[in-house]
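Proteins get letters first, then strands, A, B, ... in listed order; numbering begins at 1 in each. Note that the coordinates shown come from a computational prediction; the quantities given were computed from them, not determined experimentally.
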Amino acid sequence: MRLRFAPSPTGNLHIGTLRAALFNWLYAKANGGTFVLRIEDTDLERSDAQYETNIVDGLDWLGLTIDEGPTQGGDYGSYRQSERIKAGVYDEKAKKLLASGHAYYCFLTPEDIEKEKASAIKKGIPYVHSRRSSDMSEEDVNDALASGKPYAIRFKMMSDREITFKDLVRGDISFDCSLLSDFVLVKSDGTPSYNFAVVVDDAAMAITHVIRGEDHISNMPRQLAIYEALSLQAPQFGHLPMILGPDKSKLSKRHGATAITEYRDRGFLSEAFLNYLALLGWSPTGEQEILSPDELIKQFSLDRVHKSGAVFDVQKLTWMNGQYLRKLSVDVLYSLVMRYVSADFSQIMQGYDLKKQHLAVAAIQDNLDVLSDAMSYLEVFFERDSAYLDLVKDQAFTADQCLVLKTFLELLEQSDADSMDDYNALLDAVCKKLDLGKGKVFKPIRLALTGRGSGPNIGALLAFFEDDVISKRLGDCLD
RNA sequence: GGCCCUAUCGUCUAGGGGUUAGGACACCAGGUUUUCAUCCUGGCAGCCGGGGUUCGAAUCCCCGUAGGGCUACCA
């Protein structure tokens, strides 16, 4: 079983494309198949090596390991269409089609075709290419060729046929060929068109299953016709539902961040992202939604792929990311967090004991949805005194609250509290001594210590700050 | 316009002739917690419409409607 992911490097890897890659990968892994990457860069104008890098980076981030591709090679190379053009792969097949009468030279200019189209629209009839050039005599064709007239090679669509195929996710789909134009196989610049190139390459690379977006369904009759004309065995096809933006149209740049590297940079975990994406258009048998890559592979099957489009919901992605973040060990979370705080902040943090740093990170673990939020939650621990002073200067403390601060300070002086537990015990003692509820006690202490009304667990806060800092801050509030 | 695909809570989805139509996100309410959160409990909320078929349709069929895709010498 051989699956392929065949993006064109005309832009960054985005969600829809990636989801296709993911499903191919899952299907390949689930069945012990091979996952190949083929770069479809026949559009010389728009293709760019930088995008190929972005695509590979994205796959890499998510752990979608490639078995054969431009960088890892394989027995079916080259894995870049631009290189295959140079190798003459497509020319050979085009000649074959020309020779067998399935294709012909077309000398019509784009303007000619525009005219045909306009007149069809005017008459209110569906446009079908006139295939005028296919009637030319061999002599005329040779003359035109010899005179250097620009030409394209078109496929001669059999007009009185119906083409049917069994889609792996949708079942039988059929098309009336009489409605289909003779389409271009080879463009006038000599490069193959998409429909031609995919067929030639999927066949040459012995691809057995093609899983791609629903937007490719209408290409099926053209591609199937080429397989037939070339007497090639067609793979099986499965078309995935589209991923939609909030407005239900195909997800695109105008829906915001679509380059998947942006999600990485915002602090989504690759496993969470993968998990969420897998649930878009596919569902497992049970009700468990949090699934590791291995579990996904184990459970994946094409017959549980949904048929209708799915709206990409950042909120749920974010929730899922939080779930993954919460399961991380402090060590791992810490090293992750350090990659998402600014260089300055990281330097400040590293001025503290590693133990303290871990304490702070552990204290914010339950707050985190995305790693890029970490810094703002961590601020309270590592900010400069001036920032703290700025916040606390507007805080007014009532006499009762001052009593709480004073009592706490007294107890603190007599204790040798060190851990979170110790400080919590101290806090309890204050409550008991003053006969006050926790709210009445904790609030003024938090306020005095951080200048904020909310934040991490106060035990963690107290354990983090040195006793002299606590004394100073609380003491100053009493004045 | 033509062709193709699709239609269950706001969103992701389960369920494919007999179910109190299940779960998750979001939202709301309660609880835990010193707070924002996390966590726990509960709630709100759905089968696009109309015709068939059937003893019985969310489920099967047809027709509408709506959405999406394609209609390139882009992929």
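Using atom P as the reference point in both B:G52 and B:G46, the two lie 26 Å apart (nearest Å). Rounded to a whole angstrom, the distance from the P atom of B:C74 to that of B:C61 is 40 Å. For B:G43 and B:G23, the C1' atoms lie 16 Å apart once the distance is rounded to whole Å.
With contacts defined as side-chain heavy-atom distances shorter than 4.5 Å, the pair A:Ile297/A:Trp25 qualifies.
Nucleic acid contact class of A:Arg326 (heavy atoms, under 4.0 Å, all strands): sugar-phosphate only.
Look at CG on A:Asp373: it is 18 Å from P on B:C36, rounded to the nearest Å. Look at CG on A:Asn275: it is 15 Å from P on B:A24, rounded to the nearest Å. Distance A:Leu244 CG to B:C5 P: 18 Å, rounded to the nearest Å. Here the C1' atom of nucleotide B:G2 and the CG atom of A:Leu179 are 7 Å apart, to the nearest Å. One atom, NE2 of A:His306, and another, P of B:A7, lie 7 Å apart when rounded to the nearest Å.
The nucleotide whose nearest atom lies closest to any side-chain atom of A:Phe442 is, among B:U34, B:C36, B:U38, B:U34. With distances taken from any side-chain atom of A:Ser8 to the nucleotides B:U33, B:A75, B:G68, the minimum falls on B:A75. Side chain of A:His216, nearest nucleotide from B:C4, B:A75, B:C73: B:A75. Residue A:Lys248 has its side chain nearest to B:G67 when only B:C73, B:U34, B:G67 are considered.
Base pairing of B:C55 is made with B:G18, judged by Watson-Crick or G-U wobble geometry with both donor-acceptor distances under 3.5 Å. Searching all strands for a Watson-Crick or G-U wobble partner of B:C27 with both distances below 3.5 Å returns B:G43.
For B:U34, the base has a donor-acceptor partner in the side chain of A:Asn457 [N/O atoms by modelled type, under 3.5 angstrom]. Side-chain atoms of A:Arg446 and base atoms of B:U34 include a donor and an acceptor less than 3.5 Å apart. A donor-acceptor contact under 3.5 Å is not formed by the side chain of A:Ser218 with the base of B:C4.
Positionally, the nearest nucleotide of RNA chain B for A:Lys250 lies more toward the 5' end than for the other of A:Ala6 and A:Lys250.
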Report, one pair per line, the protein and nucleotides 61-63 of chain B atoms (nitrogen or oxygen only) whose separation is under 3.5 Å.
none

Pairwise N/O distances under 3.5 Å, protein to nucleotides 25-31 of chain B:
{"residue": "B:C25", "atom": "O2'", "partner": "A:Lys316", "partner atom": "N", "Å": "3.4"}

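OP1 and OP2 of B:G68 both lie 4.0 Å or more from every side-chain N or O belonging to A:Ser308.
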